[in-house]
Protein chains: 4
Amino acid sequence: MARNRDENKRKAILQTSKLLFAQKGFFGTAISDIVRETGMTVGTIYTYFSSKDEIVHAIVEEGWSELYSRLERDLGAAVSPEDKLRLLIERFIPEVVKDVDLISILLSEAVTYTRLEEKIERITDLVFSLTRSLAAGNRPLEAFTRQTLRTAIVVIFLGIMSTVRIARASSLGISNRDIVSVVKVLARESLRIDL
Amino acid sequence: MARNRDENKRKAILQTSKLLFAQKGFFGTAISDIVRETGMTVGTIYTYFSSKDEIVHAIVEEGWSELYSRLERDLGAAVSPEDKLRLLIERFIPEVVKDVDLISILLSEAVTYTRLEEKIERITDLVFSLTRSLAAGNRPLEAFTRQTLRTAIVVIFLGIMSTVRIARASSLGISNRDIVSVVKVLARESLRIDL
Amino acid sequence: MARNRDENKRKAILQTSKLLFAQKGFFGTAISDIVRETGMTVGTIYTYFSSKDEIVHAIVEEGWSELYSRLERDLGAAVSPEDKLRLLIERFIPEVVKDVDLISILLSEAVTYTRLEEKIERITDLVFSLTRSLAAGNRPLEAFTRQTLRTAIVVIFLGIMSTVRIARASSLGISNRDIVSVVKVLARESLRIDL
Amino acid sequence: MARNRDENKRKAILQTSKLLFAQKGFFGTAISDIVRETGMTVGTIYTYFSSKDEIVHAIVEEGWSELYSRLERDLGAAVSPEDKLRLLIERFIPEVVKDVDLISILLSEAVTYTRLEEKIERITDLVFSLTRSLAAGNRPLEAFTRQTLRTAIVVIFLGIMSTVRIARASSLGISNRDIVSVVKVLARESLRIDL
DNA sequence: AATGAATGAGTCTTCATTCAT
DNA sequence: TATGAATGAAGACTCATTCAT
């Protein structure tokens with residue numbers, strides 16, 4: 001047997017660290033916390049990851065790519081742009097929003113390790129092109145310039161994420177359900193697209 | 001008499017720290033960084049602030065209260081709800097958005113020292129009641145339930161802040177101007193309020 | 001397996017710290033002194049003890065309990081109260097008195113970490129009951145009220161300890177032997193008990 | 001007027017510092033504590049004393065010499081050695097014992113600044129010669145060799161002081177009155193001197 | 001691969017003392 | 001003489017990472 005790397009251990013580290021980073025922040029979480037919580041030893045952690053940075057990095061990249069690929073798969077199954085948009089709002093957003101831990105880390109102080117812009121860019125491009133194909137003859141949509149539309153997508157996307165993050169940490173009295181409603185109403189009222 | 005407490009020094013510490021916290025984060029910034037950047041000595045920093053926490057606290061509270069009181073003053077001057085909303089969007093948002101450093105700190109990992117929920121709550125209440133007074137006979141506004149409207153305000157407010165924050169740190173290609181445009185279009189299209 | 005917790009290292013830290021605390025006091029001794037004197041690194045010190053306080057605590061408790069358990073063992077072996085008292089004076093006191101460092105720490109400013117009252121109380125109770133069993137028909141002993149006897153025990157016990165402490169630090173010209181003699185004479189002359 | 005040094009201020013500093021040093025220890029008391037408690041400023045403190053050490057030094061030396069000179073004055077007034085001894089026990093000890101703060105400082109970790117040996121030496125010499133003049137024909141006293149007698153004096157003197165100190169800080173259940181009783185009984189029973 | 005003691009640069013903070021005013 | 005802001009060495013302690021076993 002060539003390698004004895006235990007994929008389950010790797011996953012366990014990632015899972016535990018994700019929770020800790022989300023709850024206590026990147027700087028607030030010590031490797032020793034991960035050690036305690038996983039029941040492993042420092043040495044073991046370091047045979048799977050070469051640094052603390054690499055752990056966040058893995059959490060974010062793997063978490064995100066899983067999310068994103070699911071989105072692509074789902075969108076591929078839908079045919080019309082309307083269906084796609086509906087899917088985006090009714091399936092994807094609730095899913096993203098459920099992963100508060102990932103969101104918290106993405107928006108946390110560790111932004112440096114997070115390459116958040118990249119991810120935003122990609123999502124934005126996707127939604128942007130989706131929206132564009134709905135634009136023909138849609139008065140309100142035509143009211144948005146390309147740049148304004150792009151910006152709107154970013155603002156709303158980041159708004160959703162931030163809201164979820166803050167709502168988790170404090171008593172904002174806003175549920176994930178409320179957030180999805182908002183996106184729907186916004187789509188209906190400002191794009192005149194009824195979902 | 002000995003030298004007197006120098007208000008300029010206090011301000012300098014605040015200003016320098018604000019920049020550093022915004023750029024490198026609260027935990028990423030060491031007191032020694034502030035020392036180096038201000039050219040003062042540790043001791044001096046600690047004669048003006050009793051801890052690192054107190055520094056962020058002062059930055060956030062003083063920055064925010066200045067912003068907020070200006071908003072209240074301006075709103076007081078306007079008469080109709082429409083005027084107030086216009087002011088909010090055309091004067092207040094650009095101003096908030098200009099203070100990227102403050103925003104970055106508000107959204108940073110130091111959320112604990114930041115009491116962000118409080119601030120959100122207050123802004124939300126204000127905008128909410130403003131919007132409510134525009135609601136009568138406005139179909140789209142009536143489409144929002146109270147809770148959805150509140151959520152929308154939070155999402156958009158946090159969306160604006162997050163966008164500005166991320167845009168500063170990376171190459172998102174979004175300007176403050178774009179952000180204001182978005183809010184305007186959103187208001188026009190989804191509230192049918194023309195500004 | 002990685003290196004194992006090395007009991008010798010723990011002992012070395014304790015031994016070195018004991019000397020330093022005794023000579024320079026608890027507050028006069030810096031962790032860096034312990035580091036220098038043991039030849040270890042700060043980190044190592046802190047893998048064996050979680051704080052400076054814990055070090056004094058260990059020195060005091062371990063030193064004292066060893067002393068005290070030896071006393072109990074010895075006293076258990078003796079039968080008559082006279083034998084017990086003899087043992088106390090001729091074996092225990094010389095032993096206590098030998099551990100000047102421990103005494104210095106016990107009496108030092110770190111009294112807080114030292115729980116000296118507890119230890120005094122316990123010794124006093126023991127000696128008190130011992131003396132009481134010699135009291136019957138012993139005129140001088142009957143001259144002491146309970147409270148005076150208790151006080152006398154405390155005064156003499158603390159007197160011995162303080163004398164040893166001061167004698168070590170300065171040129172008092174008093175040896176441990178002298179101290180034992182005093183206790184004997186005091187016992188003989190004031191309790192009329194010949195040892 | 002040549003000097004404007006205000007003797008009252010000096011005394012106030014000394015008095016306040018004495019209390020603080022006694023309660024919180026030498027190292028536990030910061031100059032800033034003295035500043036706060038006296039209501040003076042650092043600068044003022046330092047125009048009266050050139051260092052923290054000098055403050056303890058003054059407290060100890062002035063406190064002690066006042067005590068000692070009173071003792072000498074009193075002893076001078078008495079004629080017979082018996083009277084002198086009685087005075088020592090009934091007047092001096094209660095007085096010393098009353099000044100717990102001074103005692104605490106004398107015995108504290110600041111022993112270095114305290115020159116305690118000197119003071120012990122002097123008291124011991126005095127008591128020793130006093131006792132010697134009572135020795136003729138006094139069997140028990142003759143039982144003490146010179147060195148044992150000297151040691152006994154030291155042990156009892158330090159015992160008294162330590163007991164008072166510890167009793168103040170913790171719940172030893174011993175009063176100053178008890179301590180004086182002990183000395184009396186000890187004198188009576190072991191020196192056969194009835195006071 | 002797994003272990004966990006060892007490392008030491010780096011953290012925040014304190015505080016006796018100085019000295020310009 | 002009085003003031004109190006300024007100083008900076010020194011303090012206790014942390015923690016990511018290494019490496020001998």
Side-chain angles (χ1 to χ4, degrees), chain A residues 1-6 9-10 26-36 40-55, chain B residues 1-7 9-10 26-35 39-55, chain C residues 1-7 9-10 26-35 39-55, chain D residues 1-6 9 26-35 40-55:
Chain A
M1 209 192 325
R3 281 243 191 169
N4 226 347
R5 258 157 154 278
D6 183 342
K9 264 184 193 164
R10 212 190 96 98
F26 179 72
F27 291 100
T29 302
I31 294 288
S32 63
D33 293 330
I34 300 175
V35 165
R36 190 188 330 102
M40 301 177 193
T41 63
V42 216
T44 301
I45 306 287
Y46 274 86
T47 63
Y48 288 90
F49 298 94
S50 70
S51 71
K52 199 181 167 187
D53 289 10
E54 215 192 270
I55 299 177
Chain B
M1 218 211 310
R3 255 165 298 182
N4 268 326
R5 208 160 233 273
D6 183 346
E7 191 54 30
K9 244 173 213 170
R10 207 191 99 99
F26 178 71
F27 295 107
T29 302
I31 293 288
S32 61
D33 294 331
I34 299 175
V35 165
M40 300 176 190
T41 61
V42 215
T44 300
I45 305 290
Y46 276 89
T47 66
Y48 287 89
F49 297 93
S50 69
S51 69
K52 199 182 166 189
D53 288 11
E54 214 193 88
I55 300 179
Chain C
M1 220 208 312
R3 255 166 297 184
N4 268 326
R5 206 161 235 271
D6 184 344
E7 191 54 30
K9 243 173 214 170
R10 207 191 101 99
F26 179 73
F27 296 107
T29 302
I31 291 289
S32 62
D33 293 331
I34 299 174
V35 165
M40 300 176 192
T41 61
V42 214
T44 300
I45 305 289
Y46 277 90
T47 66
Y48 287 89
F49 298 93
S50 69
S51 70
K52 201 182 165 188
D53 288 10
E54 214 193 86
I55 299 178
Chain D
M1 205 193 327
R3 281 245 191 166
N4 226 348
R5 256 157 154 278
D6 183 341
K9 262 184 196 166
F26 179 72
F27 290 101
T29 302
I31 294 288
S32 63
D33 293 331
I34 300 174
V35 165
M40 300 177 192
T41 63
V42 216
T44 302
I45 306 286
Y46 274 86
T47 62
Y48 287 90
F49 298 93
S50 71
S51 70
K52 199 182 167 187
D53 289 9
E54 215 192 270
I55 299 177

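Each chain gets a letter, A, B and so on, in the order its sequence line appears, and its residues count up from 1.
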*If we call it a pair only when both distances are under 3.5 Å in a Watson-Crick or G-U wobble match, what pairs with E:dT21?*
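Paired with E:dT21, as far as the under-3.5 Å criterion goes, is F:dA2.
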*asked:* Using Watson-Crick or G-U wobble geometry with both distances under 3.5 Å, which nucleotide pairs with E:dT14?
replied: F:dA9
Given [options], which nucleotide is nearest the side-chain atoms of [X]?
X	options	result
D:V42	F:dG4, E:dG8, F:dA12	F:dG4
C:K9	F:dT17, E:dT13, E:dA6	E:dA6
D:Y46	F:dT17, E:dT18, E:dT11	E:dT18
B:T41	F:dT17, F:dT7, E:dT13	F:dT7
C:S32	E:dT17, F:dG11, E:dT3	F:dG11
B:Y48	F:dT17, E:dA16, F:dA5	F:dA5
D:T44	F:dA2, F:dT17, F:dT7	F:dA2
C:K52	F:dT17, F:dA9, F:dC13	F:dC13
B:R5	E:dT11, F:dA5, F:dA2	F:dA5

Using whole Å, what does the distance between atom [atom2] of nucleotide [N] and atom [atom1] of [X] come to?
X	N	atom1	atom2	result
B:D33	E:dG10	CG	P	11 Å
B:F49	F:dA5	CZ	C1'	15 Å
D:I31	E:dT18	CD1	C1'	13 Å
B:I34	E:dT11	CD1	C1'	13 Å
A:E54	F:dT17	CD	C1'	13 Å
C:N4	E:dA2	CG	P	18 Å
C:I45	F:dG11	CD1	P	15 Å
A:I55	F:dC15	CD1	P	15 Å

*Quiz item: cation-pi between C:K52 and C:F26, 6.0 Å / 45°*: yes
*Counting any heavy atom closer than 4.0 Å, what does C:S51 reach on the DNA or RNA strands: base, sugar-phosphate only, or nothing?*
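It contacts sugar-phosphate atoms only.
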*Below 4.5 Å, heavy atoms only, C-beta onward: do D:M40 and D:V35 meet side chain to side chain?*
no
*Side-chain heavy atoms of C:I45 within contact of C:I55, under 4.5 Å*: yes
*Which value, rounded to the nearest 0.5 Å, describes the distance between B:K9 atom NZ and B:Y48 atom OH?*
5.0 Å
*Would you name the heavy atoms of C:S50 and C:E54 that are closest together and state the gap between them?*
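Closest approach of C:S50 to C:E54, heavy atoms only: OG-OE2, 2.7 Å.
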*Between B:T47 and A:G43, name the one whose nearest nucleotide on DNA chain F is closer to the 5' end.*
B:T47
*Donor + acceptor pair across side chains of C:T41, C:T44 (<3.5 Å)*: yes
